[in-house]
Amino acid sequence: MNGPELHALATRLYPICRSITGDGVRRSLAILGEHLPLEVREVPSGTTVFDWEVPLEWNVEDAAVHAPDGERVVNFQRHNLHLVSYSEPVSQTLSRAELEAKLHSLPAHPQWIPYRTSYYRRDWGFCLPHAVREALPDGNYRVEVKSSLAPGSLTYAECVLPGRRQDEVLFFTHVCHPSLANDNTSGMAVATALAQWVASEPRRYTYRFVFAPGTIGSLCWLHANESRLDRVRAGLVLGLLGDSGGLTYKCSRDETTWTDAVGRFVVGERPDGRTVPFSPYGYDERQLCSPGFNLPVGRLTRSFNGTYPEYHTSADDLAFIRPESLAGSLEACRQFVTVLEHDARYLNLSPKGEPRLGKRGLYGAVGGTSPAEREHAMLWLLNQSDGTQSLLDVARRSGLRFDIIRAAAAALEEAGLLGRVGEREEG
Ligand code: ZN
């Protein structure tokens, strides 16, 4: 998918009222399933997963606050952020003062609707622009929340793309936010497009894409897959990938895994990329990198959660995410996969002095790059290929792009100057 196609997919997902359970998640996964072979899993309410329990399933038909004159002054049909997620059903009349305790707004951004949830404490509430709240007249307000909280299930989905090896690369994205574009339709769109691309390429590793609600959904997946987590060799949590900020790689808990080496390198290849240390806060890395699992999984994000004012408000809309940002995020994910797939160690088969490249026709043998870069890449490879250094190591040390190093290695191997001694596993 290109940038406009990624944005179009995010646009289809955006209006759906998602939460940690319910039909909004199923409808969203059905849309992703048009692009991918998805296996949908349902985990019944009440199922114990580690220290948590799958909650009752939540669905909403309608919700509104009716002003004294009868107008639907806060209307779920207009924007699903108006209703606090997991609001229990309610039908009652309140004074303006009583209603105040159930309202959420942002005085600093009086036109925006905040995003609020009450997953694990039974409650209800409405979110609205502060300017609308300030203008509410005195009088009696009729409040209707036509929701259901009933035994059902939590829904998540997996797309598994088998490779030559059972070792897995894991991509994880959350699917539990309602009408918020960067958080999380951007992650769903990029993960879907990445899986489509991986499916079309030959591959060494098995790739597993998980689309699950945050926290409880990732815990359900971990619980169901606990016995085979040792297959996970690398991975990324994908989220917040559509805003105009630079790409950020957030390290795994250990910060020294193969994922970390590749993640740091991939964002380092980009002029606007940066790496940040691990922290036990954020998205599914909170669960995947908890000490009982400690998976080698980092996170790819643009602007960090909580660091931009639009975060978790109605201003995180389809205008806030850009086609070119989505495309750049997808490109970084593809490069992450490319490095994982093609990193390898070589041995210089003519290590005594520099072999003569000219007589082997190696000047100009690698297309699409400038001669200086190509020659530098070959000299670096010949110098470093003592069997211990991988292509990624050579790229890092030389400052050259991985693609140039990889192409030069192929040319040197073809000429009989390099012999492949192993795939780079990890470390
Ligand atoms: Zn969020």
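Scope of the values below: all heavy atoms of this structure, side chains included, with no hydrogens, waters or symmetry mates. Remember, it's 1-based here, ligands and their atoms both numbered in the order they're listed. On a predicted model such as this, the values are computed, not experimentally measured, just so you know. We count residues from 1, following the sequence as given.
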Describe, in one word, how the ring planes of [X] and [Y] are oriented to each other, choosing from parallel (under 30°), tilted (30 to 60°) and perpendicular (over 60°).
| X | Y | result |
| --- | --- | --- |
| F265 | F402 | perpendicular |
| Y115 | H177 | tilted |
| Y207 | Y205 | perpendicular |

Going by salt bridge (Lys or Arg N to Asp or Glu O under 4.0 Å), name the pairs with one or both residues in residues 211-227, residues two or more places apart or in two chains. none

H82: ring pair (Phe, Tyr, Trp, His ring centres under 6.0 Å) partners, not counting sequence neighbours: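 If we apply the ring pair (Phe, Tyr, Trp, His ring centres under 6.0 Å) test to H82, skipping adjacent residues, there are no hits.
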
Under 2.8 Å from the Zn ion (ligand 1), the protein N, O or S atoms, given as residue and atom: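 Near the Zn ion (ligand 1), below 2.8 Å, one finds H177 NE2, D183 OD2, H312 NE2.
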
Sequence-distant partners of R27, salt bridge (charged side-chain N to carboxylate O under 4.0 Å, His left out), two or more places apart: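 Salt bridge (charged side-chain N to carboxylate O under 4.0 Å, His left out) list for R27, sorted by chain: empty.
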
